[in-house]
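A short write-up of the structure that comes next.
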Amino acid sequence: MLCLTMRIEAAELHLLELPLKFRFETSFGVQTTRHIPLLTLFGEGLAGYAEGVMEQLPLYREETTSGAVAFLLDTALDQVLGHNFPNPQAMVDTLSPFRGNRMAKAMIEMAFWDLWAKHLNQPLWTVLGGVRERIPVGVSLGIQPSPQATADLAAKEAAKGYKRIKLKIKPGHDVETVRAIRAGLPGFPLTVDANSAYALSDIRVFKEFDALELDYIEQPLAYDDLLDHAALQARIQTSICLDESVQSAKQARKGLQLGAGRVLNIKVARVGGHLEARKVHDVAQAFGAPVWMGGMLEAGVGRAHNIHAATLPGYSKPGDTSSASRYWRRDIINEALEAQDGFMSVPKGPGIGVTLDTEAVKQYTLKRIYKTADVQHR
Ligand code: OSB
Ligand code: MG
């Protein structure tokens, strides 16, 4: 019988700053750079990688880059360094007493999965139970200066083969803009993402969207709310898609049971890693709810993880995992993650199947920290 264990010998954390190629405006502000903590776990002569998706300011969810780095270095990594795990679930169990901090814990979990799959000499998607070697993808467009500028950009991305356009909206930048896009792209899959910028009292806006044949409306109401989403869903035709209000399989079950939405955006890191993401996927399958893979403007390592996870059977809608070259002049990996005809191919090779461009990593690094097991654990 195959019997493997994985001892986590050491961890390296690079704090990266990458300039975005575009100005990304959402209902909570404008982003022009991404601060990305990049974690490497070492064990059994192998290296496993993961990126943190938390942002500098706690606008999307509560976690912040600086808070996550402190939690990892002062607390979480000490629980796993020098320890031997029989499988990824055992590693997750070690961190489960700590509440919240899902994105930070996901960094360790995802890097461990990369190590684990490499130890098995298998691509990650195979080990996770994926069923396809390429995934359908769309793009997420930030708020643009005018409805016409938005429509032009949407048409450009659709012409590249992307399978759906998602538009960031906020009060005052919503129905008119979507109407402009729809005029140029009749019948094309369009969605909007409000990132919680509306209240139930804005129902008029959502009723107007009903005439524009959106595939779904993503996270219209508060990040921590399910009841109001259920009330809104009962009053409009367009499906609601939950993003930031689902952090676990339990919350997914409650959301779908309440009728707070009919579609789920799954972000591996938002829910704490691959194991929980798979549970969220399974809950959605049980409810017959389609899911799709979200994104947090990841560089190559995070993007590769998301692509592997999106090979599970329930990911039936195009996700946000578009070409890395849309975001970065130079990625942090050697492989090009580029979509073709609206499909992203899963990277080949063991684990996440991508390798670090060490020159690029060096160029983007603000700070590097190396950590080994405390003496008492050796
Ligand atoms: O709500 O999906 C979101 C980016 C940062 C924070 C939240 C979200 C997003 C995106 C970007 O929509 C998706 C991408 O990676 O292109
Ligand atoms: Mg979203």
Side-chain angles (χ1 to χ4, degrees), residues 18 20-36 51-65 102-103 106 135-144 153-154 157 160 162-170 190-198 214-225 229 239-247 255 261 263-271 277 280 291-307 309-310 317-328 331 337-339 342 344:
L18 276 79
L20 276 168
K21 276 170 80 172
F22 50 82
R23 176 186 180 278
F24 193 60
E25 181 171 349
T26 67
S27 64
F28 33 60
V30 178
Q31 271 186 293
T32 54
T33 65
R34 282 286 286 134
H35 283 250
I36 299 177
E51 281 177 27
V53 304
M54 61 294 289
E55 299 179 320
Q56 281 180 293
L57 303 176
L59 298 171
Y60 167 79
R61 286 286 333 183
E62 298 91 331
E63 289 180 82
T64 60
T65 321
R102 285 173 191 269
M103 294 171 177
I135 59 162
V137 289
V139 292
S140 171
L141 299 182
I143 294 168
Q144 305 297 316
L153 187 57
E157 298 291 4
K160 286 185 191 151
Y162 283 113
K163 296 191 175 299
R164 70 98 168 95
I165 305 288
K166 148 174 158 182
L167 178 68
K168 293 289 183 179
I169 55 165
K170 65 178 183 182
L190 295 181
T191 72
V192 292
D193 186 358
N195 287 116
S196 302
Y198 296 83
L214 299 177
D215 193 25
Y216 50 78
I217 298 167
E218 187 176 340
Q219 197 66 40
L221 309 178
Y223 77 101
D224 56 354
D225 172 84
H229 278 103
S239 291
I240 289 175
C241 169
L242 299 173
D243 175 358
E244 46 265 56
S245 59
V246 171
Q247 283 192 292
V263 179
L264 296 181
N265 165 342
I266 300 181
K267 292 180 184 170
V268 181
R270 185 192 71 225
V271 301
V280 175
V291 305
W292 54 276
M293 181 54 64
M296 293 289 286
L297 312 172
E298 284 91 346
V301 166
R303 195 167 300 273
H305 272 284
N306 294 344
I307 296 166
K317 289 187 181 290
D320 278 345
T321 314
S322 55
S323 296
S325 63
R326 286 187 63 239
Y327 306 78
W328 321 113
D331 201 348
L337 298 179
E338 297 300 294
M344 181 67 87

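When a ligand or atom number is given, it counts from 1 through the structure's own listing order.
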Using a strict threshold of under 4.0 Å (side-chain N to carboxylate O), is an ion pair present between K267 and D320?
no
Is there a donor-acceptor contact under 3.5 Å from the side chain of T32 to the main chain of R23?
no
Quick test: of every protein heavy atom, which one is nearest to atom 6 (C) of ligand 1, and how far off is it to 0.1 Å?
M296 SD, 3.4 Å
Using a 3.5 Å cut-off on N or O atoms only, is Q31 in polar contact with ligand 1?
no
Proximity to ligand 1 by part of D193, non-hydrogen separation under 4.0 Å
side chain
Check whether any side-chain N or O of E63 sits under 3.5 Å from a backbone N or O of M103 as a donor-acceptor pair, and report yes or no.
yes
So, Q219 side chain and A222 main chain: donor-acceptor pair closer than 3.5 Å or not?
yes
Pairs of nitrogen or oxygen atoms closer than 3.5 Å, one from K267 and one from ligand 1: do any exist?
yes
Do any of the N, O or S atoms of E218 sit under 2.8 Å from the Mg ion (ligand 2)?
yes
Below 4.0 Å from ligand 1: does a non-hydrogen atom of Q219 turn up there or not?
no
Is R303 in polar range of ligand 1, meaning some N or O pair under 3.5 Å apart?
no
R326 near ligand 1 by a heavy-atom separation under 4.0 Å
no
Verify, without hydrogens or angle tests, whether S245 (side chain) and D224 (backbone) share a donor-acceptor contact under 3.5 angstrom.
no
May I ask you to decide if G142's main-chain N or O and Q144's side chain share a donor-acceptor pair within less than 3.5 Å?
yes
Heteroatom distance test (K166, ligand 1): nitrogen or oxygen, under 3.5 angstrom:
yes
Are R303 and Y327 in a cation-pi contact, defined as NZ or CZ under 6.0 Å from the six-membered ring centre and within 45° of the axis?
yes
Between K168 and ligand 1, is there a nitrogen or oxygen pair with a distance under 3.5 Å?
yes
What protein heavy atom lies closest to atom 14 (C) of ligand 1? Include the residue and the distance to one decimal.
Y327 OH, 3.4 Å
Under 3.5 Å donor-acceptor, H229 side chain and L221 backbone
yes
Strictly distance-based, threshold 3.5 Å: is any side-chain N or O of W328 a donor or acceptor partner for the main-chain N or O of E298?
yes
Nearest to atom 15 (O) of ligand 1, what protein heavy atom do you find, and at what distance?
L297 N, 2.9 Å
Of all protein heavy atoms, the one nearest atom 1 (O) of ligand 1 is N195 ND2, 2.8 Å
Structural part of T321 in contact with ligand 1, heavy atom criterion under 4.0 angstrom
neither
Hey, does the side chain of K21 reach the backbone of S325 with a donor-acceptor pair shorter than 3.5 angstrom?
yes
Of the backbone atoms (N, CA, C, O) and the side-chain heavy atoms from C-beta on, which set of V139 has a member under 4.0 Å from an atom of ligand 1: side chain, backbone, both, or neither?
neither
Residue and atom name of the nearest protein heavy atom (relative to atom 5 (C) of ligand 1), distance in Å to one decimal:
E55 OE2, 3.6 Å
N/O to N/O below 3.5 Å, does that happen between E244 and ligand 1?
no
Within the structure, does F24 bring an N/O atom to less than 3.5 angstrom of an N/O atom in ligand 1?
no
If only atom types and distance count, is the side chain of R164 paired as donor or acceptor with the main-chain N or O of V139 below 3.5 Å?
yes
Considering only heavy atoms of D243, which atoms of ligand 1 have at least one such atom less than 4.0 Å away?
1 (O), 2 (O), 3 (C)
